[in-house]
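Just below is one structure, and these are the notes that go with it.
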Amino acid sequence: MSNKPDGPEKGKDFIRTIIDKDNEADKYGGRVHTRFPPEPNGYLHIGHAKSICLNFGVARDYQGKCNLRFDDTNPTKEDVEYVDSIREDVKWLGFTWNANPFASDYFEKLYFIAELFIKMGKAYVDHQSADEIRENRGTLKEPGTNSPYRDRPVEENLDLLRKMRAGAMKDGECILRAKIDMAAPNIMLRDPALYRIKHATHHRTGDTWCIYPMYDFTHGLSDAIEGITHSICTLEFENNRPLYNWCVDTLMEGLRQPELFDENAAIYNELAALPGFNQRPYQYEFARLNITGTVLSKRKLIQLVQEGHVSGWDDPRMPTICGFRRRGYTPESLRDFCDRIGVAKADSTVEFAMLEHCVRQDLNERAPRYLGVMDPVRLVIENYPEDQMDEFTMPLHPEDESYGKRTVPFTRELWIERADFMEEPPKKFFRMGPGREVRLRFAYYVTCTGFDKDADGNITEIRATYDPATKGGWSEDGRKVKGTLHWVSIPHAVQAEMRNYGNLFTTDNPNSVEEGKTFIDYINPDSVEVLDTCWVEPALADMAPGTNFQFERTGYYCADTKDHKPGEKLVFNRTATLRDSWAKIQKNG
RNA sequence: UGGGGCGUCGGCAAGCGGUAAGCCAUCAGGUUUUGGUCCUGACAUUCGGGGGUUCGAAUCCUCCCGCCCCAGCCA
């Protein structure tokens, strides 16, 4: 287990450093067991990917286990739609869970533990209203005051909790509270709620229950039940850690008193046999992910979807896992991103450029190359016979022959990119202009001989002559050309729609906005550019939905998984542009 | 100003008393049938600030400053 006897490796995150120390101290007998515990009330986003990579990554690195546990303790917010999508996203990211339990699987056990806490004098049923409880909680500076129901006898509490469970009470009528300390400086410890009454149908347990356990009670105990060793969550739960420990410690203490289980020896034996009994879990917190130019809070993401600012959870502009997937991001690129950003405790915001770098790097290696013109203008090769055609064989990948080749037809009339021609080109413009010779990629050198404009001054047609001696795109005489252009033969061109995505917001930080505004006010009205008359080479006509590829000189694209229909309608989503040093030159002058 | 955390390059992030890793971004070159890729080089005398301990401090002590989290019967 210790192939690194000299302590933590350089660069290792603090979580793994803790695990190394625990292993050194033989805290869990070498076991490492984590869990990723989403509430199924929304779709997973890139922030969850960070947590997934951490939890599953730790399990992988230490030959341990990681559970995918659904924290489904609030029936009014949760739905099976979300559990399905979460499973799909975790799998797509490339991880396999050890087990896939639901907190609701433990409702019976949890209920018994609640009774146990009452028997231990650690919990009581409070009949104060929600408002009264809030008022008596005190403030950040002032201590709270005890509930008048705080010292009810055990039997009365037990009776009340059983009535709660039996449905004898209405929502909000009373609540089960931990008896801790109403004067605790940490407000989380001022007799927090353990169980509330909710006459609601749960997506899995139906109407079996009308009382549901709260997060803090459920989470630590579920960890203990599953034998979790390291319970990793985000920073905002730091204040909950003492309560997490209180719940787990109280359970452990109760398990040392088998007499309290008199009527339920079976449950006692089951709980006492759990690995988490003697090797209790501990919680550790890391900083959640923030990325420039987007929002990563579930509430905001839901709002974007519900108010129709995006087409859905999988809109390619969404920072959701399914959004990135549809946009063309690969699981490898997302995992690489999570590895690169690290795990620490300082609040931070990672630049979107880091993510873009990760996809570009992955796709550069793996995406086959094709030619496609998104803003077409006609190029006529005047000295190329009308009835002639060349078929050029081009490699699908410039650095990897194993990708093979495809054939691309070349004729007298071609589509080229409007941006590749300038009537009066500046010195640093290496593309086509009157009298200039450029290369048509893998085809011929051509020299511009003229062009036409319409009444508005738009270029309508460009004319050129080709040099037959430059077939394949190179010249034996060694003469060089500055630019290489992509092109598509007009008679063979296949029409396609390209969806070019940009920033969803007009600001780098939609989370902090001017007073009186919300992040919605910063939505970029031009975040997607749909170009429906693009022309692409014939090889693309049958491309399967979801395929990643590169349009040479333009960017990485992905055949849309919903609207792209091979042979019928081609729809390509832009995953990322290629790095563009010409754009920089234009910008900086 | 109750409690809990955090402050190292433009953005992430190592560092754990021995004299500031790496990545992204940026800039400058080279290669190139993608202005892509690739390659080379530059990029913190300084670690939020002030004191102190030490031969030696980003690392220890101390005071100060700044930012984040907590008063759901949400998670």
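Below, chains carry the letters A, B, ... as their sequence lines are ordered, and counting in each starts from 1. Only heavy atoms go into these numbers, but all of them, side chains included; no hydrogens, no water, no symmetry mates.
No N or O donor and acceptor, one from the side chain of A:Asp347 and one from the base of B:C67, sit under 3.5 Å apart. Applying the 3.5 Å distance criterion, the base of B:G5 shares no donor-acceptor pair with the side chain of A:Glu236. Residue-to-nucleotide contacts include a donor-acceptor pair under 3.5 Å from the side chain of A:Glu351 to the base of B:G10. Side-chain atoms of A:Gln550 come within donor-acceptor range of the base of B:U34, with a qualifying N/O pair under 3.5 Å.
Ring geometry for A:Tyr212 versus A:His202: interplanar angle under 30°, hence parallel rather than tilted (30 to 60°).
Base pairing analysis places B:A13 opposite nothing; no Watson-Crick or G-U wobble pair with both distances below 3.5 Å involves it. Checking B:G7 for Watson-Crick or G-U wobble geometry (two distances, each under 3.5 Å) identifies B:C65 as its partner. Of all nucleotides present, only B:C70 satisfies the Watson-Crick or G-U wobble test against B:G2, with each distance under 3.5 Å. Base-pair partner of B:U53: not found among the strands shown (Watson-Crick or G-U wobble, both distances under 3.5 Å).
With P as the reference atom, B:A75 and B:U62 are 39 Å apart, rounded to whole Å. Look at the C1' atom in both B:U53 and B:A58: the space between them is 16 Å, to the nearest Å.
With contacts defined as side-chain heavy-atom distances shorter than 4.5 Å, the pair A:Arg369/A:Arg553 does not qualify.
Rounded to whole angstrom, the span from the CD atom of A:Glu238 across to the P atom of B:C69 amounts to 12 Å. Atom CE in A:Met188 sits about 8 Å away from atom C1' in B:C70, given to the nearest Å.
Put simply, the side chain of A:His219 never gets that close to the backbone of A:Asp216: no donor and acceptor are under 3.5 Å apart.
Checked against a 6.0 Å centroid threshold, the rings of A:Tyr43 and A:Tyr82 count as neighbours.
Residue contacts for A:Phe70: at a heavy-atom cut-off of 4.0 Å it reaches no nucleic acid atom on any strand shown.
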